[in-house]
*Asks:* 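Have a look at the structure that comes next, please.
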Amino acid sequence: MALAVGIRGLTRSLLRPWVRVPGPARGRTEPAAGGGDGVRCFGSPRVLVEPDPAAGFAVMKMRNPPVNSLSLEFLTELLISLEKLESDKAFHAIILTSDCPGIFSAGLDLMEMCGRDPTHYAEYWKAVQELWLRFYLSHLVVISAINGVNAAGGCLLALSCDYRVLADNPKYAMGLNETLLGIIAPFWFKDTLVNTVGHRTAERALQLGLLFPPAEALQVGMVDKVVPEDQVLSAARSELAQWLAIPGHARQLTKSLMRKPTADRLLKERDADIQNFVRFISRDAIQKALRVYLEKLKQKKT
Ligand SMILES: CC/C=C\C/C=C\C/C=C\CC/C=C/CC(=O)SCCNC(=O)CCNC(=O)[C@H](O)C(C)(C)COP(=O)(O)OP(=O)(O)OC[C@H]1O[C@@H](n2cnc3c(N)ncnc32)[C@H](O)[C@@H]1OP(=O)(O)O
């Protein structure tokens, strides 16, 4: 099985990043995220970046409708956006949010994990690992402005941020609900949750596949702040000020000190983790469980 799948190679073949964005932002100058100083939005088909270099941050908006499921292409575009911002000295922070109304992310794309071949599963899982590692260890301050429901892999992405603001809407539950699908949150999903909410809360949440509505998410420490829906972005911006006031090198080294042991666990056994995933997801029983879950999602509409 080809495990050495190069995400950068994939990136080059799939995308032409940093094209001016199609859709609403095309051909006009969007107000910059914080300052409105005429800086152009940029991005890729599924990720819109609203830069505010004067203020030192950019708003990264996920827009992979209908539910921001993390497909291979979408993961790749998120990585490219992150890399681009990380390599530009003008940026010290990102606010990660969604452009899909009512949905932050439905998590990993079930279509990438269902009915495909082992090579594809390996390529997909490597991209999932890469996204987590890059967001978790980013030297930038990353704040998530969670403006919708946020399941499993989407929740992991938010948990990888430095701070989480959640919109106060009872429909916007978030959590690692893998067990409800008959699958298992891998150890690095688990570790990320444990680091955020503590062992006991994580154990209960993971076994029961709990999705926490805002008040509970705040109470267990899964998010740091709950605000009225129309204030999620402004609250994230206000919070940023505190993070950006700290000397960058000191904050970055401290972040690394706190997070490196968790990331190293995966880095040390990345290939084994991919092989585990491929073996697990290829099982007939797991494939059947995923098909049943997808079918339930579709039936919900009828
Ligand atoms: C011993 C073991 C050793 C090792 C183990 C190793 C590895 C571990 C193995 C596996 C781990 C894999 C980890 C996976 C993590 C994940 O992220 S799994 C995904 C979990 N996500 C969910 O459960 C959310 C599912 N979606 C929803 O609940 C709803 O869609 C949602 C509330 C988000 C929005 O609801 P609504 O607005 O009503 O929209 P619809 O439900 O109608 O959805 C619109 C269409 O989108 C499709 N869709 C929804 N979610 C996904 C998804 N995650 N992937 C792909 N597609 C999705 C849905 O089917 C609709 O499609 P349609 O329009 O009908 O074609």
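Just so you know, ligand 1 is whichever comes first in the structure, and atom 1 is the first atom listed for that ligand.
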*Asks:* If you count the atoms of ligand 1 from 1 in the order shown, which ones are under 4.0 Å from a heavy atom of I184?
*Replies:* 2 (C), 8 (C), 9 (C), 10 (C), 11 (C)
*Asks:* Is there any N or O on E178 that sits under 3.5 Å from an N or O of ligand 1?
*Replies:* no
*Asks:* Counting non-hydrogen protein atoms only, what is the nearest one to atom 32 (C) of ligand 1? Give residue, atom name and distance.
*Replies:* V149 CG1, 4.0 Å
*Asks:* Answer yes or no: are there more than 12 heavy-atom neighbours, outside H199 itself, under 6.0 Å from its atom NE2?
*Replies:* no
*Asks:* Using a strict 4.0 Å threshold on nitrogen-to-oxygen distance, state whether E130 and R270 make a salt bridge.
*Replies:* yes
*Asks:* Evaluate Y293 for polar contact with ligand 1, using N/O atom pairs at a separation under 3.5 Å.
*Replies:* yes
*Asks:* Checking contacts here: is it the side chain or the backbone of L156 that comes within 4.0 Å of ligand 1, counting heavy atoms only? Could be both or neither.
*Replies:* neither
*Asks:* Is there any N or O on N276 that sits under 3.5 Å from an N or O of ligand 1?
*Replies:* no
*Asks:* With a 3.5 Å cut-off and no angle check, do the side chains of N68 and S98 form a donor-acceptor pair?
*Replies:* yes
*Asks:* So which protein heavy atom does atom 9 (C) of ligand 1 come closest to, and at what separation?
*Replies:* F280 CD2, 3.3 Å
*Asks:* Looking only at distances, can you tell me whether any N or O atom of N177, backbone or side chain, sits closer than 3.5 Å to an N or O atom of ligand 1?
*Replies:* yes
*Asks:* Give the atom numbers and elements of ligand 1 that come within less than 4.0 Å of a heavy atom of S69.
*Replies:* 52 (C), 54 (N)
*Asks:* Counting from 1, what ligand 1 atoms have a heavy atom of K298 closer than 4.0 Å?
*Replies:* 59 (O), 61 (O), 62 (P), 64 (O), 65 (O)
*Asks:* What I want to check is whether the side chains of S138 and E86 have a donor and an acceptor closer together than 3.5 Å.
*Replies:* yes
*Asks:* Just to verify, which of D109, V128, L78 counts as forming a side-chain contact (heavy atoms from CB on, under 4.5 Å) with L70?
*Replies:* L78
*Asks:* What is the nearest protein non-hydrogen atom to atom 27 (C) of ligand 1, stated with its residue, atom name and distance?
*Replies:* L297 CD2, 3.6 Å
*Asks:* To which of A152, G148, G107 does the heavy atom nearest atom 20 (C) of ligand 1 belong?
*Replies:* A152
*Asks:* Nearest heavy atom to atom 33 (C) of ligand 1 wins, so pick from G153, G154, A106.
*Replies:* A106
*Asks:* For L108, is at least one N or O under 3.5 Å away from an N or O on ligand 1?
*Replies:* yes
*Asks:* Write out the residue and atom name of the closest protein heavy atom to atom 6 (C) of ligand 1, then the distance separating them to 0.1 Å.
*Replies:* F277 CA, 3.9 Å
*Asks:* I'd like to check which ligand 1 atoms, numbered from 1 as shown, lie under 4.0 Å from a non-hydrogen atom of P66.
*Replies:* 44 (C), 45 (C), 46 (O)
*Asks:* Tell me the protein heavy atom at minimum distance from atom 54 (N) of ligand 1, and give that distance in Å.
*Replies:* L110 N, 2.9 Å
*Asks:* Quick test: of every protein heavy atom, which one is nearest to atom 48 (N) of ligand 1, and how far off is it to 0.1 Å?
*Replies:* V67 CG2, 3.8 Å
*Asks:* Does a side chain donor of either N147 or T97 reach within less than 3.5 Å of an acceptor in the other side chain?
*Replies:* yes
*Asks:* Pull out every atom of ligand 1 sitting under 4.0 Å from any heavy atom of A151, numbered as shown with elements.
*Replies:* 21 (N), 22 (C), 24 (C)
*Asks:* I'd like to know if the side chain of Y136 pairs up with that of D162 as donor and acceptor (distance under 3.5 Å, no hydrogens or angles considered).
*Replies:* no
*Asks:* Distance under 4.0 Å to a non-hydrogen atom of D109: what atoms of ligand 1 satisfy this?
*Replies:* 54 (N), 55 (C)
*Asks:* I'd like to know whether the aromatic ring centres of W132 and W125 sit less than 6.0 Å apart in this structure.
*Replies:* no
*Asks:* Backbone, side chain, both or neither: what part of I183 comes under 4.0 angstrom of ligand 1, heavy atoms only?
*Replies:* side chain
*Asks:* Looking at I103, which atoms of ligand 1 are within less than 4.0 Å of one of its heavy atoms?
*Replies:* 34 (C), 37 (O)
*Asks:* Please state which protein non-hydrogen atom is closest to atom 63 (O) of ligand 1 and give its distance, to 0.1 Å?
*Replies:* K301 NZ, 2.6 Å
*Asks:* Answer with yes or no whether the side chains of Y121 and E112 bring together a donor and an acceptor at under 3.5 Å.
*Replies:* no
*Asks:* Is it the case that atom CG in D284 sees more than 12 heavy atoms from other parts of the structure closer than 6.0 Å?
*Replies:* no
*Asks:* Before you tell me yes or no, could you show the steps for E50 and K61 under salt bridge (charged side-chain N to carboxylate O under 4.0 Å, His left out), namely the whole-Å CA-CA distance, both residues' side-chain angles and the distance that decides it to 0.1 Å?
*Replies:* CA-CA 8 Å; E50 295 175 353; K61 289 186 174 169; 3.1 Å; yes
*Asks:* Is a salt bridge present between D264 and R259, judged by a nitrogen-to-oxygen distance below 4.0 Å?
*Replies:* no
*Asks:* Report, in ascending order of atom number, the atoms of ligand 1 lying under 4.0 Å from any heavy atom of K300.
*Replies:* 29 (C), 35 (O), 36 (P), 38 (O), 40 (P), 41 (O)
*Asks:* Please determine which of V141, I143, L244 meets the side-chain contact (heavy atoms from CB on, under 4.5 Å) test together with E239.
*Replies:* I143
*Asks:* Looking at R134 and E83, is any side-chain nitrogen of the basic one under 4.0 Å from a carboxylate oxygen of the acidic one?
*Replies:* yes
